[in-house]
Amino acid sequence: MTIESIDAITRHPLYAELVSKRKRFGWTLTFLMMLFYYGFILIVAFKKEWLAQPLFDGSITTVGIPVGLAVIISAFALTGIYVYRANGEFDDLTKAIREDLQ
């Protein structure tokens, strides 16, 4: 790839849109994941007794187990959401840029 082709890509208006959308979406998902993870850590630090409660009378499983699993599953879900959008909208923008510059 030459410097001229790199310059043509970076000057393309759809490229600016792609970078902006991808960056904003990435930061949004990052914020959500940090909220889930650090929220869980703060609950562990300050409300241990809540997480230590059994799910129901006679249960050996505590509230902390499904809450912890939800944090892990949220990471997979947010990754899936990103991949879905990347394979759709972001790839469409990339394809449009490529077609315009050929």
*Which heavy atom in Pro66 sits nearest to a heavy atom in Val63, and how many Å separate them?*
CD-O, 3.2 Å
*Answer yes or no: are there more than 12 heavy-atom neighbours, outside Tyr15 itself, under 6.0 Å from its atom OH?*
no
*asked:* Please report the interatomic distance CG(Leu42) to CG(Leu35), rounded to the nearest 0.5 Å.
replied: 9.5 Å
*Which of parallel (below 30°), tilted (30 to 60°) and perpendicular (above 60°) describes Phe25 and Phe90?*
perpendicular
*Taking the side chain as every heavy atom from C-beta outward, state whether Arg24 and Arg22 have any atom pair closer than 4.5 Å.*
no
_Side-chain heavy atoms nearer than 4.5 Å, only ILVMFWY residues, links allowed to pass through others: does that put Ile72 and Val67 together?_
no
*How far apart are the C-alpha atoms of Thr28 and Phe31, what are their side-chain angles, what is the distance that settles it, and do they pass the side chain to side chain contact (heavy atoms under 4.5 Å, CB included) test?*
CA-CA 5 Å; Thr28 300; Phe31 173 76; 5.8 Å; no
*Can you list the steps and then say if Thr62 with Leu55 is a side chain to side chain contact (heavy atoms under 4.5 Å, CB included)?*
CA-CA 5 Å; Thr62 64; Leu55 282 175; over 6 Å; no
*Spacing of CG belonging to Asp92 relative to CG belonging to Asn87, to within rounding of 0.5 Å*: 10.0 Å
_Joint hydrophobic cluster, Ile73 plus Phe36, side-chain heavy atoms closer than 4.5 Å_ = no
*Do you know the tightest heavy-atom contact between Pro54 and Ser59?*
CB-O, 3.5 Å
*Within-4.5 Å side-chain heavy-atom neighbours: Glu89 and Tyr84*: no
*asked:* I'd like to check Phe76 versus Thr79 (side-chain heavy atoms, cut-off strictly below 4.5 Å). Are they in contact?
replied: no
*Dump the intermediate steps for side chain to side chain contact (heavy atoms under 4.5 Å, CB included) on Ile43 and Lys48, then the final yes or no.*
CA-CA 7 Å; Ile43 292 171; Lys48 290 178 213 159; over 6 Å; no
*Are Met34 and Leu29 grouped together when hydrophobic residues (ILVMFWY) are joined by side-chain heavy atoms under 4.5 angstrom apart?*
yes
*From Asp91 CG over to Arg98 CZ, what is the distance, rounded to the nearest 0.5 angstrom?*
8.5 Å
*asked:* How close do Met33 and Ala75 get, counting heavy atoms only, and between which atoms?
replied: SD-CA, 3.6 Å
*Assess whether atom CD1 of Ile60 is packed by more than 12 heavy atoms of other residues, nucleotides or ligands within 6.0 Å.*
no
*Spacing of NE2 belonging to His12 relative to CG belonging to Leu101, to within rounding of 0.5 Å*: 5.0 Å
*Just how far is it from atom CG of Leu32 to atom CD1 of Ile81, taken to the nearest 0.5 Å?*
8.5 Å
*Flag yes if more than 12 heavy atoms outside Ile3 fall under 6.0 Å of its CD1 atom; otherwise flag no.*
no
*To the nearest 0.5 Å, what is the distance between CG (Leu18) and OG1 (Thr94)?*
4.5 Å
*Quick check: does any side chain N or O of Ser20 sit under 3.5 Å from a backbone N or O of Ala16, one acting as donor and the other as acceptor?*
no
_Hydrophobic cluster membership, Leu69 vs Phe56, 4.5 Å side-chain cutoff_ = no
